[in-house]
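Reviewing the structure listed below.
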Amino acid sequence: MRKIINILLKMLLAILATLIIYFVVALSLSAITVERPNPLPTKELTKKIYIHTNGVHLDIAMHKQDVAPELMSGLLLKPNKAYVSFGWGDENFYLNTPTWGDLTVKTAMTALFLDSEGLMHVKHFDAPKKDWKTVAVSEAELAKINHYLNASFAVDKNGNKMILAGQGFTPTDDFYKANGRYSLFNTCNTWVNTGFKQSGLKASLWTPFDFGLLNKYE
């Protein structure tokens, strides 16, 4: 019995040490800013996108008129809503945690430590919220963001986005099958940060946290 207890204690210490190293590295890399590789004059930054958080999870939002046709195609849009928000995350976490009060230890541990399927979460808004961060972008950068978002949706054999019928939390949001798999190193926030880097926007070197990117746009 003592041998088993010692083994369990070593395993626990190893897990704790791994988590401590993870958070130290994550905080360090989050603080490192990757600047725009090709800074543009303000007059060329004629478009706006937004990033916002529910306290943990970042989304990218924009006005519907700035959503590219290929990204718009296959989305169940709400005609009376002017803004669309896109998030990517763990399928199990998304579907079983509509509020933070629904979060369980099992769901959290599964999301953190298991390589799992991703989902796209599309939400609709009347207008930007006060706490949304505005990011001024050029036409070319907007096109890259649109391409990144569209490429995140999985499609069927006919090239159509795959909605999870009836799985939205409210009448103004929907879930779609996504490309990519969620893990401790590829989170909802690293997905947004990667999209910014690939689009030539200011970002963190790497971050699994929402504040890593939000702080760049204070």
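By convention here, the first residue in the shown sequence is residue 1. Just so you know, these numbers come straight off a predicted model, no measurement behind them.
The side-chain hydrogen bond (donor to acceptor under 3.5 Å, both in side chains) test applied to Thr170 returns Thr172, Asp173, not counting sequence neighbours. With sequence neighbours excluded, the residues forming a side-chain contact (heavy atoms from CB on, under 4.5 Å) with Ser199 are Lys144, Ile145, Leu201, listed by chain and number. Residues satisfying the ring-ring contact (aromatic ring centres under 6.0 Å, His included) test with Phe175, not counting sequence neighbours, are Tyr94, His121, Phe169. In terms of the side-chain hydrogen bond (donor to acceptor under 3.5 Å, both in side chains) criterion, Lys197 has no residue partners (sequence neighbours excluded). Legend: residues meeting side-chain hydrogen bond (donor to acceptor under 3.5 Å, both in side chains) with Asp126, ordered by chain and number and at least two apart, are Lys81. Remark: Leu205 pairs with Leu29, Ile32, Val34 by the side-chain contact (heavy atoms from CB on, under 4.5 Å) rule, at least two apart or across chains. Residues passing the side-chain contact (heavy atoms from CB on, under 4.5 Å) test with Ala154, sequence neighbours excluded: Met162, Lys177, Asn179. Applying the ring-ring contact (aromatic ring centres under 6.0 Å, His included) test to Phe125 and every residue at least two apart in sequence or in another chain returns His52, Trp132. For Asp210, there are no salt bridge (charged side-chain N to carboxylate O under 4.0 Å, His left out) partners, not counting sequence neighbours. The ring-ring contact (aromatic ring centres under 6.0 Å, His included) check on His63 picks up Tyr83, with sequence neighbours excluded.
Linking Ile, Leu, Val, Met, Phe, Trp and Tyr residues whenever their side-chain heavy atoms come within less than 4.5 Å places Leu142 and Leu58 in a single cluster.
One side chain, Trp191 or Ser152, offers a donor N or O that lies under 3.5 Å from an acceptor on the other.
Through chains of ILVMFWY side-chain contacts below 4.5 Å, Val24 is grouped with Ile20. Hydrophobic cluster membership of Leu40, counting Ile, Leu, Val, Met, Phe, Trp and Tyr whose side-chain heavy atoms lie under 4.5 Å apart directly or via other members: Leu45.
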Test side-chain contact (heavy atoms from CB on, under 4.5 Å) applied to Thr190 and Phe185, step by step:
CA-CA 8 Å; Thr190 62; Phe185 303 100; over 6 Å; no
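For the pair Glu141 and Lys47, the salt-bridge criterion is not met [side-chain N within less than 4.0 Å of a carboxylate O].
Remark: Lys161 fails to qualify as a cation-pi partner of Tyr176 under the 6.0 Å distance and 45° angle criteria applied to the six-membered ring.
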